[in-house]
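One structure below.
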Protein chains: 2
Amino acid sequence: MSIKTLDDLFIHTLKDIFFAETQIKKALPKMIENADDGKLRGLFEDHLDEINTHLERLERAFQLLGKDASGEKCPAIVGIITEAEELMSEIDDADTRDAAMIGAAQAVEHYEITRYGTLCVWANQLGYNEVRDLLEQTLSEEKDADDKLSQIAEGKLNAQAAA
Amino acid sequence: MSIKTLDDLFIHTLKDIFFAETQIKKALPKMIENADDGKLRGLFEDHLDEINTHLERLERAFQLLGKDASGEKCPAIVGIITEAEELMSEIDDADTRDAAMIGAAQAVEHYEITRYGTLCVWANQLGYNEVRDLLEQTLSEEKDADDKLSQIAEGKLNAQAAA
């Protein structure tokens, strides 16, 4: 990592989120397998499809900037996923595990929302308009995913776990 | 960690955010020291004061639940802070470093927003109304801090780094 300008920082952060998306793609199948609530499982399955689109957009962004698409290890997402996996493996009760997985998935979404949000601001300042438009589409989908998780969390699922 | 019910999960997550707040409190003085922009430095200083209030509210929440206030190591916040510290130490240009620190601070805020948000939903479902009210106050302050960081990011600061 050699960061001298905002442009370098932008590329570094693009690699960071590319790595994060690949890690989330790897972690999701286990979350799908562990989800007890059908609605939650469906949401995770849909999100796995979306991630492929997010990765394609990132590849296109790298291409537009004349760079090879590659990831850079990001301790933050590793920590968030580690925490999710620990919780999944240690909770036996299905409703409580679902509640924990919703919380963990929302932590993932918020990490992505903050990173894509920052990248959009920087892309704007750097005049990378086409790249910004790609990132804004993904940002909007991450916010939708977070909203859907909130709806499940506030609905019947956690009410059952509390019963 | 032995989590059998939503109540156990609630206490576990309360310990998680208590640990996170203590880690952020430790990390902030170095960010204050490294911030070049006066407005950004002021924001970090104000946030350090706020964290003490957040910790007091968490202590009160533990007390209301008849538990000792304590933290539980949370790999997510450790990862987020590690990433922030790596960036701070590797960027020489002041404007670019400020831009990186704003991004890192927003990642911290979003982690707290998602955790406090989840805790508020669960406190509601568990009927812990007084605890929920305490957590909602902090949630609102974390959202304000994130908004203020966005305002600086979108303002002149990053425009300078891009120049």
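The chains referred to below are lettered A, B, ... by the order of the sequence lines, with proteins before strands, and numbering in each begins at 1. All values derive from a computational prediction rather than experimental measurement.
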Between K15(A) and S70(A), what is the shortest heavy-atom contact and its length?
->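 Here K15(A) and S70(A) meet closest at CG-O, 3.2 Å.
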Among the options I81(B), D8(B), L9(B), pick out the one with the most heavy-atom pairs lying under 4.5 Å from chain A.
-> L9(B)
Leading residue by heavy atom contact count with chain A [cutoff under 4.5 Å; candidates R97(B), Q106(B), E109(B)] =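 Top count of heavy-atom pairs under 4.5 Å with chain A: Q106(B).
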Based on non-hydrogen pairs under 4.5 Å, which of C74(A), S150(A), A84(A) is most in contact with chain B?
->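 Greatest number of close heavy-atom pairs with chain B: C74(A).
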Side chain to side chain contact (heavy atoms under 4.5 Å, CB included) against L43(B), all qualifying residues, sequence neighbours excluded =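 Result, side chain to side chain contact (heavy atoms under 4.5 Å, CB included) vs L43(B): K148(B), L149(B), I152(B).
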Non-hydrogen atoms of chain A under 4.5 Å away: do they reach the side chain of D16(B), the backbone, both or neither?
-> side chain
Contact part of I91(B) toward chain A, heavy-atom cut-off under 4.5 Å: side chain, backbone, both or neither?
-> both
Given D36(A), I32(A), L87(A), N34(A), the one that forms side-chain contact (heavy atoms from CB on, under 4.5 Å) with M101(A) | N34(A)
Identify, with sequence neighbours excluded, every residue that meets salt bridge (Lys or Arg N to Asp or Glu O under 4.0 Å) alongside R57(A).
-> E141(A)
Which residues in residues 111-120 of chain B have any heavy atom lying under 4.5 Å from a heavy atom of chain A?
-> Y111(B), I113(B), T114(B), R115(B), T118(B)
Sequence-distant partners of H110(B), ring pair (Phe, Tyr, Trp, His ring centres under 6.0 Å), two or more places apart |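 H110(B) satisfies ring pair (Phe, Tyr, Trp, His ring centres under 6.0 Å) with H110(A) only.
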Any idea how H47(A) and H54(A) line up, ring-wise: parallel (<30°), tilted (30 to 60°), or perpendicular (>60°)?
-> perpendicular
Charged N to carboxylate O below 4.0 Å: is that the case for R41(B) and E33(B)?
-> no
Does the pair K25(B) and E21(B) meet the rule for a side chain to side chain contact (heavy atoms under 4.5 Å, CB included), with working shown?
-> CA-CA 6 Å; K25(B) 188 177 169 177; E21(B) 292 276 16; over 6 Å; no
